[in-house]
Asker: 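To start, I am sharing the structure in question, which I have written as structure tokens.
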Amino acid sequence: MSQPDSRDRSWTILEILQWTTGHLKERGIETARLDAEVLLAHSLGMSRLDLYLNYEKPLLPEERATFREYVKQRAQERIPVSLLIGEREFWSQSFKVTRDVLTPRPETELIVSSALDFMSDENRAYEVVDIGTGSGAIALSVASERPNAQVVATDVSVLALKVARANADQMQLNGRVRFEEGSLFGAVPGEQFDLVLSNPPYIAGSQRSSLARELTHEPELALFGGEDGYAVLRPLVEGVGSALKEGGLFLVELDPRQAETVAGWCRDAGLSGVRVLNDLAGNARVVSARKADPTSGAVDNDEKEHTHEHSS
Ligand SMILES: C[S@@+](CC[C@H](N)C(=O)[O-])C[C@H]1O[C@@H](n2cnc3c(N)ncnc32)[C@H](O)[C@@H]1O
């Protein structure tokens with residue numbers, strides 16, 4: 001299928017969308033219509049709603065030039081839409097993304113919603129750390145929802161931290177979030193937190209050849225946890241007990257196949273109330289665990305340890 005030529009006649013927004021959707025589908029892209037709409041809206045400086053309201057509007061040749069280039073890169077090189085347009089929505093905010101960071105995924109919002117549930121006292125200055133912050137998705141979402149929280153965002157990648165800082169600037173959160181470079185808890189030595197949040201790299205290197213081509217455009221450091229997928233998860237769980245205050249909460253994202261293993265490590269590390277939380281697609285996605293608080297008298301509900309809970 002060849003792209004409509006600008007010399008033929010003028011093409012309307014609807015016609016271009018229909019053509020592009022068919023083209024991307026032929027290339028095996030499942031989100032063809034959505035991708036076409038997002039790329040066209042971005043090329044025209046419009047919202048997706050504006051596209052619907054202007055279906056019959058003819059496009060000028062110069063308006064189509066940028067769009068044509070985006071479609072080519074999406075179809076041929078499998079560059080994700082987020083990287084083509086340089087942004088992705090997460091927790092209802094627009095995050096700048098580059099090739100130096102993982103594009104935030106919708107399932108990661110489960111960490112944010114679970115953290116906010118725990119931070120129920122909006123006036124309390126909860127101390128929170130986001131290990132491996134990438135674009136800043138988790139840290140900045142929590143900071144924007146809990147103005148009194150003291151949030152630290154860490155990453156081993158200086159380039160990722162640069163993107164996270166830019167996002168903090170854009171969201172006017174820069175004074176509220178501290179950025180620290182370093183590996184795992186080495187970025188915040190000796191500090192203790194009410195919440196330790198993390199979406200670490202957890203894909204097994206051994207799965208590399210079976211992954212979607214889109215992932216080759218994201219940083220290896222953000223995706224792969226060594227050959228078995230546990231290279232970062234394992235030391236994260238081993239170190240989290242010392243980094244949590246008594247009564248503090250640990251939330252970590254993982255592959256559904258890793259959930260029971262990581263839950264077991266949390267129990268071995270002396271954490272209590274260990275739970276596996278499902279994402280909206282019904283996949284085990286987050287392990288949640290508490291550091292016991294001997295002074296509170298509260299008993300974590302161990303009966304729930306093996307249940308999978310949905311979080312909205
Ligand atoms: C899966 S990405 C998550 C990014 C972001 N938190 C999100 O959820 O969209 C993992 C991040 O962890 C960082 N990372 C990898 N190894 C690390 C380590 N040992 N210590 C700290 N951060 C690490 C990567 O640079 C990357 O930014």
Side-chain angles (χ1 to χ4, degrees), residues 1-99 101-110 112-113 116 134-138 140-141 143-145 163 166-173 212-214 217-218 279-281 312:
M1 198 188 286
S2 64
Q3 189 159 1
D5 194 296
S6 54
R7 286 161 299 184
D8 299 338
R9 63 183 175 87
S10 49
W11 285 72
T12 64
I13 284 182
L14 180 59
E15 285 170 324
I16 283 285
L17 280 178
Q18 288 170 336
W19 181 88
T20 308
T21 303
H23 178 63
L24 294 179
K25 262 194 192 146
E26 264 185 9
R27 294 295 189 116
I29 294 173
E30 286 172 16
T31 50
R33 176 72 188 204
L34 176 64
D35 289 9
E37 287 183 8
V38 174
L39 292 175
L40 186 58
H42 186 78
S43 311
L44 300 176
M46 287 180 168
S47 68
R48 278 173 62 212
L49 178 62
D50 288 335
L51 293 182
Y52 305 146
L53 298 175
N54 290 283
Y55 266 167
E56 300 311 322
K57 182 178 179 286
L59 293 184
L60 300 170
E62 57 270 28
E63 288 179 316
R64 290 209 354 240
T66 319
F67 179 62
R68 188 186 289 120
E69 191 50 35
Y70 282 153
V71 173
K72 200 170 123 200
Q73 292 183 37
R74 180 76 191 101
Q76 294 178 5
E77 296 166 49
R78 289 297 179 116
I79 300 180
V81 169
S82 56
L83 285 181
L84 289 171
I85 68 171
E87 64 183 18
R88 168 55 75 85
E89 189 157 312
F90 179 87
W91 202 258
S92 302
Q93 297 197 85
S94 172
F95 282 79
K96 167 188 157 103
V97 293
T98 70
R99 284 175 185 264
V101 295
L102 185 96
T103 290
R105 308 292 205 266
E107 56 269 28
T108 303
E109 294 189 341
L110 180 55
V112 177
S113 59
L116 295 178
S135 65
I138 298 172
L140 299 177
S141 301
S144 69
E145 295 278 358
V163 176
N167 278 320
D169 272 343
Q170 192 172 289
M171 296 170 195
Q172 299 180 335
L173 289 170
R213 269 180 66 203
E214 274 77 357
H217 300 284
E218 296 190 86
D279 62 21
L280 291 175
S312 55

Asker: Please name the pair of heavy atoms, one in Ile29 and one in Ala75, separated by the smallest distance, quoted to 0.1 Å.
Answerer: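 Distance-wise, the nearest heavy atoms are CD1-CA, 4.2 Å.
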Asker: Rounded to the nearest 0.5 Å, what's the gap from CG on Leu59 to CZ on Phe67? Could you check?
Answerer: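 Nearest 0.5 Å value for the CG-CZ distance: 8.5 Å.
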Asker: State, yes or no, whether a side-chain contact exists between Val38 and Ser82 at a heavy-atom distance under 4.5 Å.
Answerer: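 Result no, sub-4.5 Å side-chain heavy-atom pair not found.
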Asker: Please report the closest heavy-atom contact between Asp35 and Leu24, naming both atoms and the distance.
Answerer: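 Shortest heavy-atom contact: CB-CD1, 4.0 Å.
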Asker: Would a 4.5 Å heavy-atom cut-off, applied to side chains only, mark Glu15 and Trp19 as touching?
Answerer: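 A side-chain contact under 4.5 Å is absent here.
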Asker: Is there a side chain to side chain contact (heavy atoms under 4.5 Å, CB included) between Ile79 and Arg99 once you walk through the steps?
Answerer: CA-CA 10 Å; Ile79 300 180; Arg99 284 175 185 264; 3.6 Å; yes
Asker: Indicate the ring-plane relationship of Phe95 and Phe90, choosing parallel, tilted or perpendicular according to the 30° and 60° boundaries.
Answerer: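 Answer is perpendicular, since the angle exceeds 60°.
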Asker: Distance from Arg64 atom CZ to Ser10 atom OG, nearest 0.5 Å?
Answerer: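 That separation rounds to 9.0 Å.
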Asker: With Glu218, which residues qualify under side-chain hydrogen bond (donor to acceptor under 3.5 Å, both in side chains), at least two apart?
Answerer: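 Counting only residues at least two positions away or on another chain, Glu218 forms a side-chain hydrogen bond (donor to acceptor under 3.5 Å, both in side chains) with Arg105.
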Asker: If you count every heavy atom of other residues, nucleotides or ligands that lies below 6.0 Å from Glu62 atom CD, does the total exceed 12?
Answerer: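 Check passes, neighbour count above 12.
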Asker: Quick one: does Leu51's side chain get under 4.5 Å of Leu40's, heavy atoms only?
Answerer: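 When only atoms from C-beta onward are counted, Leu40 and Leu51 do touch, with a gap below 4.5 Å.
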Asker: With sequence neighbours excluded, tell me which residues meet salt bridge (Lys or Arg N to Asp or Glu O under 4.0 Å) with Lys25.
Answerer: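 Applying salt bridge (Lys or Arg N to Asp or Glu O under 4.0 Å) to Lys25 gives none.
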Asker: Can any side-chain N or O of His217 pair as donor or acceptor with the backbone N or O of Glu77 at less than 3.5 Å?
Answerer: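 Answer holds: yes.
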Asker: For Val112 and Ile138, which heavy atoms make the closest approach, and how far apart are they?
Answerer: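 Closest pair (atom of Val112, atom of Ile138, distance): CG2-CA, 4.2 Å.
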Asker: Do Ser144 and Gln93 make a side-chain contact, defined as non-hydrogen atoms from C-beta onward lying under 4.5 Å apart?
Answerer: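 Yes - at least one pair of side-chain heavy atoms lies under 4.5 Å apart.
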Asker: Does Arg88 have any side-chain hydrogen bond (donor to acceptor under 3.5 Å, both in side chains) partners at least two apart in sequence or in another chain, and if so, which?
Answerer: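 Arg88 satisfies side-chain hydrogen bond (donor to acceptor under 3.5 Å, both in side chains) with no other residue.
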Asker: Please list all pairs meeting salt bridge (charged side-chain N to carboxylate O under 4.0 Å, His left out) that have one or both residues in residues 50-60, counting only residues at least two apart or in different chains.
Answerer: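 Salt bridge (charged side-chain N to carboxylate O under 4.0 Å, His left out) check on residues 50-60 returns Lys57-Glu63.
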Asker: In chain order, what residues pass the side chain to side chain contact (heavy atoms under 4.5 Å, CB included) check against Gln76, with sequence neighbours excluded?
Answerer: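 Arg27, Lys72.
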Asker: For Arg33, what residues pass the side-chain hydrogen bond (donor to acceptor under 3.5 Å, both in side chains) criterion, not counting sequence neighbours?
Answerer: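 If we apply the side-chain hydrogen bond (donor to acceptor under 3.5 Å, both in side chains) test to Arg33, skipping adjacent residues, the hits are Glu37, Tyr55.
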Asker: Contact between Val81 and Thr103 at the side-chain level, heavy atoms closer than 4.5 Å - yes or no?
Answerer: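 No - every pair of side-chain heavy atoms lies 4.5 Å or more apart.
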Asker: What I'd like to find out is whether the side chain of Val97 reaches to under 4.5 Å of the side chain of Val163, using heavy atoms alone.
Answerer: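 No, side chains not in contact.
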Asker: What I'd like to find out is whether the side chain of Met46 reaches to under 4.5 Å of the side chain of Ile13, using heavy atoms alone.
Answerer: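 They are in side-chain contact.
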Asker: By salt bridge (Lys or Arg N to Asp or Glu O under 4.0 Å), which residues pair with Arg78, not counting sequence neighbours?
Answerer: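 By the salt bridge (Lys or Arg N to Asp or Glu O under 4.0 Å) rule, Arg78 matches Glu214.
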Asker: Return the set of residues passing side-chain hydrogen bond (donor to acceptor under 3.5 Å, both in side chains) with Glu89 (not counting sequence neighbours), or none when no residue passes.
Answerer: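 Glu89: no side-chain hydrogen bond (donor to acceptor under 3.5 Å, both in side chains) contacts found.
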Asker: Could you check if a side-chain atom of Ser113 sits within less than 4.5 angstrom of a side-chain atom of Leu110, using non-hydrogen atoms only?
Answerer: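 The answer is yes; the side chains approach within 4.5 Å.
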Asker: What's the spacing between Arg48 CZ and Leu39 CG if we round to 0.5 Å?
Answerer: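 CG of Leu39 is found 11.0 Å from CZ of Arg48.
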Asker: Taking all atoms of both residues into account, what is the closest heavy-atom pair of Thr21 and Leu17, and its distance?
Answerer: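 So the minimum-distance heavy-atom pair works out to OG1-O, 2.7 Å.
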Asker: Taking all heavy atoms of Ser94 and all of Glu87, pick out the closest pair and write down the distance.
Answerer: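 Taking Ser94 first and Glu87 second, the nearest heavy atoms are OG-OE1, 3.2 Å.
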